[in-house]
Amino acid sequence: MEKYIYMDNSATTPVRKEVLDEMLPYFTEKYGNPSSIYSLGSASRVAVEKAREQVAKVLNADKNEIFFTAGGSESDNWAIKGIALKNKNKGNHIITTKIEHHAVLHTCEYLEKNGFEVTYLDVDQDGLINLDDLKNAIKDETILITIMFANNEIGTIQPIKEIGQIARERGIYFHTDAVQAVGNLKIDVKDMNIDLLSLSGHKFYGPKGVGVLYIKKGTKIDSLIAGGAQERNKRAGTENVPGIVGLGKAIELAYENLDEKNEKLIKLRDRLISKIEENIKYVRLNGHRTNRLPGNVNFCFEFIEGESLLLSLDMVGVAASSGSACTSGSLDPSHVLLAIGLPHEIAHGSLRLSLGIYNTEEEVDYVVDKLVEIVDRLRKMSPLYDKIAEGK
Amino acid sequence: MEKYIYMDNSATTPVRKEVLDEMLPYFTEKYGNPSSIYSLGSASRVAVEKAREQVAKVLNADKNEIFFTAGGSESDNWAIKGIALKNKNKGNHIITTKIEHHAVLHTCEYLEKNGFEVTYLDVDQDGLINLDDLKNAIKDETILITIMFANNEIGTIQPIKEIGQIARERGIYFHTDAVQAVGNLKIDVKDMNIDLLSLSGHKFYGPKGVGVLYIKKGTKIDSLIAGGAQERNKRAGTENVPGIVGLGKAIELAYENLDEKNEKLIKLRDRLISKIEENIKYVRLNGHRTNRLPGNVNFCFEFIEGESLLLSLDMVGVAASSGSACTSGSLDPSHVLLAIGLPHEIAHGSLRLSLGIYNTEEEVDYVVDKLVEIVDRLRKMSPLYDKIAEGK
Amino acid sequence: MYSEKVMDHFTNPRNVGEIEDASGIGEVGNAKCGDIMRMYLKIEDGKIEDVKFKTFGCGSAIASSSMATELIKGKTIEEAMALTNKAVAEALDGLPPVKMHCSVLAEQAIKAALLDYSKKHNVVIPGLDEFNFEEEDHHSVTED
Amino acid sequence: MYSEKVMDHFTNPRNVGEIEDASGIGEVGNAKCGDIMRMYLKIEDGKIEDVKFKTFGCGSAIASSSMATELIKGKTIEEAMALTNKAVAEALDGLPPVKMHCSVLAEQAIKAALLDYSKKHNVVIPGLDEFNFEEEDHHSVTED
Ligand SMILES: Cc1ncc(COP(=O)(O)O)c(C=O)c1O
Ligand SMILES: Cc1ncc(COP(=O)(O)O)c(C=O)c1O
């Protein structure tokens, strides 16, 4: 294998060199605890506050509304449990969708076991929720609407501003899991009426293990991690200073020339989509054709199973994923693909290729060439395909 | 200022060069998501599992009992909330001490607001709990005993094995916050009857923002962070691979030649203690004189206030702390010093000097010289001292 | 995740294909669960002269099929009957716990093909009747 | 955390000490809360000829004392009465929110010393009666 083609940028991304360079001093030289009052501590404090401003700027938030966490999952858990438990005197009903990330779904399921009621909205074949469904689901007891910004598997982008408006009008908190959106899409928490927003550093060329929960000023929320007075008394724990510095730098870089980068990414994405559709039969593009993340491509290849596709791609130096990375050990097909109406047997044969800033046209073409061969090989081995091949 | 003397190793430590070197490839080259099945993912998976073994070995645990978290505070919150909520059908009573870290205390207080009852054990003037008090506090409803291994402020080490035995005999889960102990003291979870143990990477020359919760096999515990299937389905979130790798390496290094390192550290510590006692009047050593962390020195200097002591030390290039680093923004005196029976006005004048592997005898002597000057200067400014000086 | 043996049998599966005039054909699994195995046997004088398979499934399903065919090729019916899923997994240097059901499928596919053979050719194969083709629900497999 | 001005007044505090034959002495705060300020005034012809202080407290308590003495030295009683805690904090280029009470203490210490002077010398100082020496409980200060 000469080269390695990474097309799993929705699973995680490498840390950019400029980002790592900013982080490095905070491991060995500027290692002070930001809570310490001596100069070494202040240097860390200043660095953390700078990162907070970098995040706030991108989201159009106030820096005091940015809280650092250990990643997207913690942010999701904190937002949902924190709002639910703090506001349970007001109501016990939560609205979400069937296509959320497990960090949201499993948290909602946990709350269901503990006295809360959750409505899981359906999505259409493109993965979009229906705003009327949302309105109809709202009850007097509804205290939280949590709907993801963009889906991690099929890339579909929800009408966040409209959802936020509905929530705002009814006085219901609105949380959005924007882990896949941040770094790729423009976000304005004020304009979009967002009360809480989760993001994770490693999805936009920042480090793993650090994220953010944006919490609009005045929001009533319990802490998930109690203890020291860090993060304005809302999230305890010695700050992951290098991680926070890296996240700040990464988000700043991600939003430099965003339009330009996205134009390039969308061109690549659409090239990949059309080449697959032109060269391979019995395929189905999952997710909305245009209203999707700039780097997301997701196909079902009928008659074959996703994991064997992934393994075969890995053998020719291509990294991709099937379902979401977090569940690739699982035997169940993706809940997202089932929610958009795919039958189980087809949902098993999905492939996600997520493009990033380092991918090229040559790579796209190489991947398509290899895909043609692999799909052909696996189909020839498949007992489902021979009937088709025979024209049955 | 020619050199900077860091004597706040209990607040945090620099990342050792050998540790950072192990971490570096996982930022930019081996950046795969450990959940991904392709080779880049497997490389990360292997690295995470290696670190898990490094931790397990030090604690004498099984590798499947090691769960990575974002630090000591998360581990404490998870252990306490997770046990309490999962076992609330068995009882609602928790036993802890008055000198725990806030990550434990505030979590207990949160549970008190939510239907649990908490007993806060007293400690004696050295900071030790009384085992009879513990036995007497146990009720039928007691589901958890959480007592720290060694105190972060005064360094006193609790009789963990005996506590564990009492808990084990009564069938009560025993959690210990060992954030200050790990890296400094020998720990054997089996021999010490520990069911859950928290530790944090940045206290032993590993990175910030990564920790561990040891959970004995068979322990019934809720997740704090739900979502993906990471950490055997118990703690969701894309793994902080570089952080985990760093923690693994750091803990391994910390336990190489531990006895030798501690002998040196204890010698330094005792030199610092006796020189302060010899050269400055009206001082009081806090914590047990011998049964304390090898690097911990904690004194009260009467008639002066801790923060002004810290600032003055910083001006001459010495980093130290007063109370715990996490609460140095606070105006209240340390709850630990109050618990060992100090009056408020004396508790305000505390100084913690925590020694680490990089400190030297020369540094100790320099710090004592400077302390003599600073204490003298501040006392001359103090309206409390002139009465003493006049012999009143 | 997978052993080298698994990867080898996945990448270069032995005995893929069909047998035109098979003595027995067995198919187990279902597409809903993500794996189907079809096994073709050519049996002469109580010996498995040839065996081929077609599989829809993950890497370990394909590797298990391949390994299972190798293990019974040229063997007697009794020997084929004695093949357990554990033996398939062991021959592959092990499978991840969540993937053990693939080896179960392989064992079942062989037995299903032998059952087909025994029916078509009116041969009694001892042990076949007792065999339970209902696989335990592998979707409830959890790690801990 | 602290401005350069604060650090300067902490490291080189102006007017530390006592005045033997002070016209008025005021002490506020208490050791339990971690800060005590004692202010000595020498007043002649309605002017503050000299001022000294002794303080037990944190860096900003010492800096506030020092700055406050500088701000009233040579001023009239009326001018000293007009000194607010905000003015002290501003002169120090600001104090962290949790430390604002230190500037309050400084203001109070001056007023307490003026009260002592007014009592000892039977001078009426307008505004002093209204002044409330009960500081709001600064222990309940939270950041959000
Ligand atoms: C005893 C103790 N427990 C818990 C913690 C919290 O650890 P972390 O800051 O890594 O969350 C600390 C240190 O800050 C500590 O000293
Ligand atoms: C939509 C979405 N939400 C949440 C997460 C969880 O983020 P993390 O793995 O950083 O905890 C992810 C990624 O894994 C995601 O794609």
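In the text below, chain A, chain B and the rest are named by the order of the sequence lines, each starting its count at 1.
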Practice task
Tell me, yes or no, whether the heavy-atom count around D:Lys120 atom NZ, taken from other residues, nucleotides or ligands under 6.0 Å, exceeds 12.
Solution key: yes
Exercise for the section: Report, as yes or no, whether the 6.0 Å neighbourhood of atom CD on B:Glu109 holds more than 12 heavy atoms from other residues, nucleotides or ligands. Expected result: yes
Separation of [Y] [atom2] from [X] [atom1] (nearest 0.5 Å):
X	Y	atom1	atom2	value
B:Ile304	D:Cys58	CD1	SG	13.0 Å
B:Asp314	D:Tyr2	CG	OH	12.0 Å
D:Arg38	B:Leu384	CZ	CG	8.0 Å
B:Glu345	D:Cys33	CD	SG	10.5 Å

When you measure from the side chain of [X] to the backbone N and O of [Y], does any donor-acceptor pair fall under 3.5 Å?
X	Y	value
B:Lys380	D:Val16	no
B:His348	D:Gly34	yes
B:Glu307	D:Gly59	yes

Handout entry: Interface moiety of D:Ser60 toward chain B, non-hydrogen atoms closer than 4.5 Å
Key = backbone
Exercise for the section: Could you look at D:Ile62 and say if it's the side chain, the backbone, both or neither that has a heavy atom under 4.5 Å from chain B? Expected result: side chain
Practice task
Output the option from D:Met37, D:Glu27, D:Met7 having the highest count of non-hydrogen pairs under 4.5 Å with chain B.
Solution key: D:Met7
Problem - Side chains of B:Met381 and D:Pro13 in contact at under 4.5 Å (non-hydrogen atoms) - result: yes
Practice task
Under the salt bridge (charged side-chain N to carboxylate O under 4.0 Å, His left out) rule, collect the residues that match up with D:Lys47, sequence neighbours excluded.
Solution key: none
Completion exercise
Residue set satisfying side chain to side chain contact (heavy atoms under 4.5 Å, CB included) with B:Glu373, at least two apart, ordered chain then number -> B:Lys370
Shortest non-hydrogen contact from [X] toward [Y]:
X	Y	value
B:Arg377	D:Thr11	NH2-O, 2.9 Å
B:Phe303	D:Phe56	O-CD1, 3.1 Å
D:Gly57	B:Ser308	O-OG, 3.1 Å

